[in-house]
Amino acid sequence: MHQTKKHSVFIIVLLLALPFVAGVHLIVGQIDIDFSDYWNALFNFDGTNSYDIIAREIRIPRMTMAILTGASLSIAGLLMQTLFNNPLAGPYVLGINSGASLFVAFSIMTGIPFFTSTLGITANALIGAFVFGLIILFFSRFLRAQISLLLVGLMLGSFTSALVSIAQTVSQADELKVYTLWALGSLQKVEFQHLMPILGVFMVGIVLTFFVAKSLNILVIGEENAKLLGVNIKRARLFIIALTALFTGLITAFCGPIAFVGLAVPNLVRMILKTQSHVTLIISSALVGAIFILLCDICIQLIEPHFLIPINIFTSLIGAPFVVFIILKKLR
Amino acid sequence: MIRIEQLKVGYHSALLSFPSIELKQGEMYALVGRNGIGKSTFLKTITGQLAPIEGIVFMNSRNIATIPFNALPRFVSYVNARFPLVDFLSVHSFIALGRSPYTNLLGKLNSDDLDIISSVIKQLNITHLKDRFTSELSDGERQLVAIAKAVVQQTDIIVLDEPTAFLDYANKEEVLNQLTSIAKAMNKCVIVATHDIDLVVNKGIQFLLIDETLKTGNIYDTTTTKVDILATCFKSMHV
């Protein structure tokens, strides 16, 4: 079983690399903040010390969200790729983010105060992601070619952005501002007080994901064969889509739409590890995704003094060529 | 053991009917009939994937309709005509999926599971394949691997839908011999849909022949000849 040993080594290396990269992420910002400031910010917070405030309200949330974004979107992508038996599936390309955006846009435009609160936006993002997950699931029943599902996802995205544009033209200035700020997307908008609840939801998602690992392992050989091994396909599909929506909705609510991470990372991990064991794939994808977004954000911070690149643009720059590579390799 | 009672199978209306017959442990049955006559429909019905139009299927004297679908894989294993080619899925991992009806919620294999898997791999002479990826197998190797997965499932009944369809002559022989020895040595009831009549006559294999004009199926014993088969299953060809 040298294969399993190789996987363990890979995961241990990632586990050691993650805190290192996260540490680098914390110290590359323009203002020098050392680790004692971080210690104080967490355990000995002084609201009048500007270093403490930067550490607690800006740096720590940004680093945490970078990790959670990478991990969540990568797991969501992995779940979708296995469920749809399609290496090109992912929360962004299949329009799951679009669902979250649409629901958030419409609810903000109603002007009801609850819907512009953090809780309201999060709830709507989760529901929107789930509804669009169900729509994609519905269409996938009628599609044979792998590329077709992608095109449907693309159309879903276009249709949604058209609807959002219409909503924007008829909305009030205040609501438009709330939506526009939200839709820009960034790792920096999360407040410290929101980190624990976000982390809590993420952990629940991770634990539940391990419970579908067995179904995912069997789904790899196709739904028909999985059914013959006793997998309740309908329940598994719904459960997997709900988890995908949870991860994607959570991240989209706080950081806006972030492209291609969910598609690229699980493919990369599968190519490196050459396995279909989903416990290994879930852990590895989450870690690689987290490190990937941390590295992207480190680059962004390093070039920030010169010009500002949103995280979404950065992941597209790297992710889109990689997706073309996957198409060339797997779907010629 | 499978016992069927006055069975009618089909999707909306009955395609085929069967009298009350019993398929025993330790025997291999070759299911022969014309293309499109309903062999797969019959196999799907006796494996619980499709409800009968009429009649009852008993599996180890239990009415199949009363077995919950997630318990069914412990009674019967089914080998599809289509083998899934999956990148990065090793032969060992694929065969191990046959243990999934017995593993816990997380799907962890215990040492018993691993012992069963390696003994079946040895028995079928596919040790050299176990670290290969399923996407890299030849047609003959694929069938042996699919059979291995069915055997590790440790069911009394194994049903195969045309496992020899795309194989060369030597591989057809190999697969059919392996299946016969599994039925005899492991005391299993093996049912194989096949068009390779020449390879199943006089091999100690029983027959389930589908009558071309009457649209009925029945058991014929090991002494059945090719002429008998042609006269039952391919009447229109003869006259």
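None of the values given here were measured: they were computed from a predicted structure.
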Engineer: If we only count heavy atoms from C-beta on, is the A:Asn232 to B:Asn70 side-chain gap below 4.5 Å?
Structural biologist: no
Engineer: Below 4.5 Å from any heavy atom of chain A, which atoms of B:Phe94 appear? Answer side chain, backbone, both or neither.
Structural biologist: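 Contact with chain A: side chain only.
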Engineer: Any side-chain heavy atom of B:Phe133 within less than 4.5 Å of one from A:Lys274?
Structural biologist: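 The answer is yes, as the side chains (C-beta and beyond) meet within the 4.5 Å cut-off.
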Engineer: Should we say atom CZ of A:Phe139 is surrounded by more than 12 heavy atoms from elsewhere, each under 6.0 Å from it?
Structural biologist: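 Counting neighbours around CZ of A:Phe139, 12 or fewer heavy atoms of other residues, nucleotides or ligands fall under 6.0 Å, so no.
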Engineer: Tell me whether A:Phe210 at atom CZ has more than 12 heavy atoms from other residues, nucleotides or ligands lying less than 6.0 Å away.
Structural biologist: yes
Engineer: Judged by modelled atom types alone, do B:Asn80 and A:Asn225 share a side-chain donor-acceptor pair under 3.5 Å?
Structural biologist: yes
Engineer: Show the nearest heavy-atom pair for residues A:Leu229 and B:Gln153, with the distance to one decimal.
Structural biologist: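 In this case the closest contact between A:Leu229 and B:Gln153 is CD2-OE1, 3.6 Å.
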Engineer: For B:Lys184, does the NZ atom sit with more than 12 other heavy atoms under 6.0 Å from it, leaving out its own atoms?
Structural biologist: yes
Engineer: If you count heavy-atom pairs within less than 4.5 Å of chain A, which of B:Val76, B:Asp87, B:Leu72 leads?
Structural biologist: B:Asp87
Engineer: Can you list every pair that meets salt bridge (Lys or Arg N to Asp or Glu O under 4.0 Å) and has a residue in residues 97-112 of chain B, with sequence neighbours left out?
Structural biologist: B:Arg99-B:Asp113
Engineer: List the steps, then state whether side-chain contact (heavy atoms from CB on, under 4.5 Å) holds for A:Gln276 with B:Leu97.
Structural biologist: CA-CA 11 Å; A:Gln276 293 288 0; B:Leu97 291 178; over 6 Å; no
Engineer: Identify which part of B:Ser100 has an atom lying under 4.5 Å from any heavy atom of chain A, answering side chain, backbone, both or neither.
Structural biologist: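 Interface part for B:Ser100: both.
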Engineer: Is there a side-chain contact between B:Leu106 and A:Val279 (heavy atoms, below 4.5 Å)?
Structural biologist: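 Answer no - side chains too far apart.
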Engineer: Taking it one step at a time, do B:Phe88 and A:Thr275 satisfy side-chain contact (heavy atoms from CB on, under 4.5 Å)?
Structural biologist: CA-CA 5 Å; B:Phe88 308 140; A:Thr275 181; 5.7 Å; no
Engineer: Would you mind checking which part of B:Thr47 comes under 4.5 Å of any heavy atom in chain A, side chain (CB onward), backbone (N, CA, C, O), both or neither?
Structural biologist: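 For B:Thr47, no heavy atom lies under 4.5 Å from chain A.
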Engineer: Does CZ in A:Phe211 sit with more than 12 non-hydrogen atoms of other residues, nucleotides or ligands closer than 6.0 Å?
Structural biologist: no
Engineer: Applying salt bridge (Lys or Arg N to Asp or Glu O under 4.0 Å), which residue pairs with at least one partner in residues 214-224 of chain A are found, sequence neighbours left out?
Structural biologist: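 Sorted result for residues 214-224 of chain A: A:Arg141-A:Glu223, A:Glu223-A:Arg237, A:Glu224-B:Arg82.
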Engineer: How far apart are the closest heavy atoms of A:Gly230 and B:Pro73, and which atoms are they?
Structural biologist: N-CG, 3.4 Å
Engineer: Just how far is it from atom CD1 of A:Ile221 to atom CG of B:Leu85, taken to the nearest 0.5 Å?
Structural biologist: 12.0 Å
Engineer: So which part of A:Val231 gets closer than 4.5 Å to some heavy atom of chain B, the side chain, the backbone, both or neither?
Structural biologist: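 Only the backbone of A:Val231 comes within 4.5 Å of chain B.
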